[in-house]
Engineer: 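Here's a structure for you.
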Amino acid sequence: MSLKVYNSYTRTKEIFEPLTPGHVGMYVCGPTVSGESHLGHARPFITFDIIYRYLLHLGYKVRYVRNITDAGHFEEEGRDAEDKISKKAVLERLEPMELVQKYTNLFHWAMKQLNNHEPSIEPTATGHIVEQLNMIQTIIDAGYAYETNGSVYFDVKKYAASHDYGKLSGRVLDDLLETTRELDGQEEKRDRADFALWKAAPPEHIMRWRSPWGEGFPGWHIECSAMATKYLGAQFDIHGGGMDLMFPHHESEIAQSTICNHHTPAKYWLHNNMITVGGKKMGKSYNNHIKLTEMFSGNHHLLTQPFSPMTIRFFILQTHYRSTLDFSSEALAGAEKGLKRLWEAYTLLQQLPAEHSGEAADPALDERCKSLILAFDEFMNDDFSTAKVLANMFELVPVVNSLKDGHIKRDAVAADTIRLMQQKFRIYLEDIFGLVQEQAADNSKLAGVMQLLIDIRGEAKSKKDFVTSDKIRNQLTGLGILLKDEKDGSVNWTLA
RNA sequence: GGUUCUGUGGCCGAGUGGUUAGGCAGAGCUCUGCAAAAGCUCGUACAGCGGUUCGAAUCCGCUCGGAACCUCCA
């Protein structure tokens with residue numbers, strides 16, 4: 001059973017075979033740190049975190065590179081060349097690098113909240129200006145770029161004569177050349193489809209570097225090509241990012257890297273789909289985005305309550321990464337409850353004794369459990385179908401709960417099967433899906449206080465003093481602590 | 001306009017041509033001092049119209065709706 005991934009480049013599912021056996025190089029387009037991350041940004045980083053974790057689980061040695069775009073991009077073709085970062089820096093009266101630092105820190109904080117692993121290397125665009133300049137020079141020397149007024153453009157038409165420009169995104173070059181839109185700065189280009197490798201900086205532009213063509217700043221696409229080449233080589237295994245980056249960003253990356261390195265850069269291109277709101281893509285420019293800090297605090301008009309990082313992570317895992325995922329407060333609330341139920345069953349499962357004699361008293365049930373569990377790997381190997389793994393887990397929840405409370409006899413399922421479930425649930429929920437117990441700040445003092453209250457309530461109940469016992473339970477409920485009277489007479493509590 | 005994708009029960013969402021997706025919400029029952037939780041049972045959905053097929057949510061065509069990209073965008 002081997003891993004299959006959907007390769008956007010060939011539009012088919014392919015068996016994953018790394019270029020170097022045992023090793024995987026993966027590049028994922030990271031954030032532009034000119035503002036705060038929103039829910040939409042969480043999707044690719046969680047998606048590729050799961051992919052990273054799964055590759056590690058399969059035993060690969062993975063180098064995961066995710067860049068920080070801190071140089072700011074000019075607005076493509078057309079409008080005034082403007083650097084988003086420097087523009088905002090003026091508004092906020094901050095140094096560009098101060099702004100970049102602020103949002104980089106916030107991004108890292110959010111990633112940690114969401115329990116994403118850190119990438120192996122997190123290179124910044126500003127830290128790789130030299131590499132970008134070298135790459136641009138190589139492209140010029142190869143005859144695929146030209147300089148005009150201090151800016152350098154990639155010659156798409158020339159490239160397309162011998163290469164398949166548009167293959168990744170399904171673009172037809174003739175259509176691109178025929179775009180009728182009126183665009184500023186177009187006159188510097190030989191063709192409309194050409195894209196900038198280097199832009200001359202206007203005087204007011206704060207971020208600027210010296211180059212053989214004058215002072216300026218790098219084009220939109222070159223940083224990823226330069227940094228991917230530097231850290232992963234001329235050819236690497238996986239390039240990931242949001243679907244909205246396929247064109248022109250990834251298409252241009254392919255063209256640049258191909259000219260420099262004589263290879264298409266990545267063997268497999270993986271793209272996650274968008275998060276939508278009422279069917280429309282969530283995005284900064286659509287005015288429908290919810291920042292991650294707002295998600296966590298609940299402080300947004302589209303939210304009826306706060307949602308924890310794990311709820312968001314779980315919500316994203318419940319759908320396939322190549323499908324759109326429609327956001328609503330209601331859908332998130334559903335995910336929150338589902339996660340709670342799953343996690344409680346998982347906790348109970350880990351406490352189930354698996355010591356009885358071995359043979360399953362209910363072979364049909366035992367078999368069902370095993371096949372549900374064994375399908376986990378099959379689903380993940382089929383282009384990372386996290387939603388299906390979760391569905392199977394939910395099918396096992398009633399079994400676990402029933403084993404716990406005696407609806408199903410303990411020996412109905414073989415001890416080996418219990419151990420298999422315990423092991424697989426742990427590996428999948430914690431190692432691969434990266435879910436963690438929230439509010440783990442279960443400190444021992446609170447536990448002691450709770451035990452005291454539970455004892456007092458137990459005494460009241462034994463005297464049929466239900467006024468007192470209900471007062472304790474109701475007031476705790478008001479504080480967000482739920483008491484549960486178990487079948488065996490014990491009392492458990494959970495934080496709501 | 002071009003390219004691509006998509007339309008599943010109250011909501012979110014899996015779906016490889018024939019067998020239960022799953023979650024949330026809702027209803028009933030069991031358990032319980034009462035709750036909560038849990039367990040059991042239930043809705044019987046696939047935009048519309050044709051076609052292929054013994055059989056289609058799943059393949060094909062058309063119609064209608066939605067989206068993404070074509071501009072910064074995860």
Side-chain angles (χ1 to χ4, degrees), chain A residues 11 28-32 34 37-48 72-79 82 84 166 169-172 174-176 178-181 183 193 220 240-249 251 271-276 278-286 289 314-315 318-320 322-328 330-342 344-345 348 379 382 385-395 397-402 404-408 461 464 466 469-470 473-474 477 482-487 492 494 496:
Chain A
R11 294 167 199 242
V28 174
C29 289
T32 301
S34 61
S37 297
H38 59 74
L39 180 61
H41 295 123
R43 169 103 106 144
F45 303 129
I46 289 174
T47 297
F48 288 100
H73 290 137
F74 56 89
E75 307 283 351
E76 243 286 69
E77 300 187 343
R79 319 169 194 188
E82 72 179 1
K84 277 166 134 181
S169 56
R171 233 31 55 127
V172 179
D174 287 343
D175 294 342
L176 295 171
E178 279 168 19
T179 310
T180 54
R181 203 190 307 252
L183 301 162
W220 178 25
M243 276 185 187
D244 50 353
L245 296 180
M246 274 168 89
F247 189 89
H249 186 54
E251 199 71 71
H271 290 96
N272 63 277
N273 214 318
M274 302 292 106
I275 287 182
T276 56
K280 296 257 197 302
K281 174 182 168 184
M282 178 178 285
K284 240 169 232 176
S285 38
Y286 300 88
H289 67 289
F314 180 77
F315 179 63
Q318 268 191 305
T319 186
H320 188 86
R322 283 189 289 109
S323 300
T324 55
L325 172 58
D326 200 56
F327 160 86
S328 70
E330 195 187 354
L332 256 301
E336 182 183 76
K337 291 199 178 171
L339 173 60
K340 184 163 184 278
R341 179 170 145 85
L342 179 63
E344 284 182 5
L348 291 176
F379 292 154
D382 184 14
S385 289
T386 55
K388 287 183 164 183
V389 174
L390 288 174
N392 272 23
M393 286 185 173
F394 274 109
E395 294 220 38
V397 164
V399 176
V400 170
N401 285 331
S402 296
K404 161 72 169 57
D405 68 18
H407 280 111
I408 296 176
K461 276 177 63 173
K464 300 232 186 279
F466 296 124
S469 67
D470 285 352
R473 188 177 62 199
N474 293 339
T477 302
L482 301 178
L483 291 187
K484 292 186 217 172
D485 291 332
E486 302 291 351
K487 292 269 188 325
N492 277 324
T494 56

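Excluded from the calculations below are hydrogen atoms, water molecules and symmetry mates; all remaining heavy atoms, backbone and side chain alike, are included. Here is how names work: the chains are called A, B, and so on, in the same order as the sequence lines, proteins then strands, and each is numbered from 1.
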Engineer: Distance check, C1' atoms only: B/G65 and B/G55, in whole angstrom units.
Structural biologist: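 29 Å, rounded to whole Å.
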Engineer: List the atom of A/Ala331, the atom of A/Phe315, and the distance in Å for their closest heavy-atom pair.
Structural biologist: CB-CE1, 3.8 Å
Engineer: Rounded to the nearest 0.5 Å, what separation is found between the CZ atom of A/Arg322 and the CE atom of A/Met243?
Structural biologist: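 CE of A/Met243 is found 6.5 Å from CZ of A/Arg322.
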Engineer: Could A/Lys340 and A/Glu344 be called an ion pair, given the rule that one side-chain N must be under 4.0 Å from one carboxylate O?
Structural biologist: yes
Engineer: What's the shortest heavy-atom distance between A/Gly279 and A/Asp326, and which atoms?
Structural biologist: N-OD1, 3.0 Å
Engineer: Rounding to an integer number of angstrom, what distance separates B/A25 and B/G18 when you compare their P atoms?
Structural biologist: 31 Å
Engineer: Describe the nucleic acid contact of A/His320 in one word from base, sugar-phosphate, nothing, applying a heavy-atom distance below 4.0 Å.
Structural biologist: sugar-phosphate
Engineer: Round to the nearest Å and state the distance from A/Glu395 atom CD to B/G15 atom P.
Structural biologist: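 It works out to 15 Å between those atoms.
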Engineer: Grab the CG-P distance between A/Asp405 and B/A37 for me, whole Å please.
Structural biologist: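 A/Asp405 atom CG is separated from B/A37 atom P by 14 Å.
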Engineer: Write down the distance separating the C1' atoms in B/C12 and B/U53, rounded off to the nearest Å.
Structural biologist: 33 Å
Engineer: Looking for any heavy atom pair under 4.0 Å, which part of the strands does A/Ile275 touch: base, sugar-phosphate only, or nothing?
Structural biologist: base
Engineer: What nitrogen or oxygen pairs link the protein and nucleotides 65-67 of chain B at under 3.5 Å?
Structural biologist:
residue : atom : partner  : partner atom : Å
B/A67   : OP1  : A/Lys280 : NZ           : 2.2

Engineer: In whole angstrom, give me the gap between the P atoms of B/U63 and B/G9.
Structural biologist: 24 Å
Engineer: Let me confirm one number: the NZ-CG distance from A/Lys388 to A/Asp382, rounded to the nearest 0.5 Å.
Structural biologist: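 Rounded to the nearest 0.5 Å, the NZ-CG separation comes out at 6.0 Å.
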Engineer: When you measure from the side chain of A/Ser469 to the backbone of A/Phe466, do you find a donor-acceptor pair of N or O atoms at a distance under 3.5 Å?
Structural biologist: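 Between the backbone of A/Phe466 and the side chain of A/Ser469 there is a qualifying donor-acceptor contact (under 3.5 Å).
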Engineer: What is the distance, rounded to the nearest whole Å, between atom CG of A/Asn401 and atom C1' of B/C40?
Structural biologist: 13 Å
Engineer: Only counting residues at least two apart or in another chain, list the ones meeting ring pair (Phe, Tyr, Trp, His ring centres under 6.0 Å) with A/His38.
Structural biologist: A/His41, A/His289
Engineer: For nucleotides B/G7 and B/G43, find the distance between their P atoms and express it as a whole number of Å.
Structural biologist: 25 Å
Engineer: Please measure how far the P atom in B/G23 lies from the corresponding atom in B/G33, and state the result in whole Å.
Structural biologist: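 About 29 Å, rounded to a whole number of Å.
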Engineer: Counting just side-chain N and O atoms, does A/Asn272 come under 4.0 Å of either OP1 or OP2 of B/A74?
Structural biologist: no
Engineer: Testing the basics here: between A/Val400 and A/Leu348, what is the closest heavy-atom pair and its distance to 0.1 Å?
Structural biologist: CG1-CB, 4.2 Å
Engineer: State, to 0.1 Å, how close A/Leu325 and A/Arg43 come at their nearest heavy-atom pair, and which atoms those are.
Structural biologist: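 Distance-wise, the nearest heavy atoms are N-NH2, 3.3 Å.
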Engineer: For nucleotides B/G15 and B/U58, find the distance between their C1' atoms and express it as a whole number of Å.
Structural biologist: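 Here B/G15 and B/U58 have their C1' atoms 8 Å from each other.
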Engineer: May I ask you to test the A/Met393-A/Val389 pair for a side-chain heavy-atom distance under 4.5 Å?
Structural biologist: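 Yes; the side chains approach each other to less than 4.5 Å.
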Engineer: Rounded to the nearest angstrom, tell me the gap between atom CZ in A/Phe315 and atom P in B/C11.
Structural biologist: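 Taking CZ of A/Phe315 and P of B/C11, I get 15 Å after rounding.
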Engineer: A/Phe314 has an atom CZ; how far is it from atom P of B/G13, in whole Å?
Structural biologist: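 That distance rounds to 13 Å.
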Engineer: In whole Å, what is the span from the NZ atom of A/Lys388 to the P atom of B/G15?
Structural biologist: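 Atom-to-atom, A/Lys388 to B/G15, this comes out as 5 Å.
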Engineer: Tell me which of A/Met282 and A/Gln318 sits closer to the 5' end of RNA chain B, going by the nucleotide each one is nearest to.
Structural biologist: A/Gln318
Engineer: Could you tell me whether the side chain of A/Thr32 reaches within less than 4.5 Å of the side chain of A/Lys284, counting heavy atoms only?
Structural biologist: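 No, side chains not in contact.
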Engineer: The side chain of A/Leu325 is closest to which nucleotide in this list: B/G39, B/A74, B/G13?
Structural biologist: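 Looking only at heavy atoms from C-beta outward on A/Leu325, the closest nucleotide is B/G13.
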Engineer: If I compare all heavy atoms of A/Leu482 with all of A/Thr477, which pair ends up nearest, and what's the gap?
Structural biologist: CD2-CG2, 3.8 Å
Engineer: Expressed in whole Å, how much space separates the P atoms belonging to B/U20 and B/U41?
Structural biologist: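 The same atom, P, in both gives a distance of 13 Å.
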Engineer: Nearest-nucleotide wise, let me know which of A/Ala331 and A/His38 is further upstream toward the 5' end of RNA chain B.
Structural biologist: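 It is A/Ala331 whose nearest nucleotide is closer to the 5' end.
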Engineer: Write down the distance between CD (A/Glu251) and P (B/U71), rounded to a whole number of angstrom.
Structural biologist: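 Going from CD in A/Glu251 over to P in B/U71 covers 13 Å.
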Engineer: Tabulate atom names and distances for all N/O pairs under 3.5 angstrom spanning the protein and nucleotides 24-26 of chain B.
Structural biologist:
residue : atom : partner  : partner atom : Å
B/A25   : OP1  : A/Lys337 : NZ           : 2.9

Engineer: Summarise protein proximity over nucleotides 28-35 of chain B in one line of letters, 5' to 3': B for base, S for sugar-phosphate only, - for none, counting protein heavy atoms closer than 4.0 Å.
Structural biologist: ---S-BBB
Engineer: Nearest whole angstrom, please: distance from the P of B/C69 to the CG of A/Leu245.
Structural biologist: 10 Å
Engineer: Pairs counted only when both distances fall under 3.5 Å, Watson-Crick or G-U: show me the 5' to 3' dot-bracket for RNA chain B, [ ] for pseudoknotted crossings and | for other-strand partners.
Structural biologist: (((((((..(((.....[...))).(((((.......)))))....(((((..]....))))))))))))....
Engineer: Is there any protein nitrogen or oxygen under 3.5 Å from a nitrogen or oxygen in nucleotides 3-7 of chain B, and what are the pairs?
Structural biologist:
residue : atom : partner  : partner atom : Å
B/U3    : O2'  : A/Gly170 : O            : 2.9

Engineer: Rounded to the nearest 0.5 Å, what's the gap from NE2 on A/His271 to SG on A/Cys29? Could you check?
Structural biologist: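 It is 7.5 Å, given to the nearest 0.5 Å.
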Engineer: Could you measure the distance from the CG atom of A/Leu339 to the CD atom of A/Gln318? Nearest 0.5 Å is fine.
Structural biologist: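 It is 8.5 Å, given to the nearest 0.5 Å.
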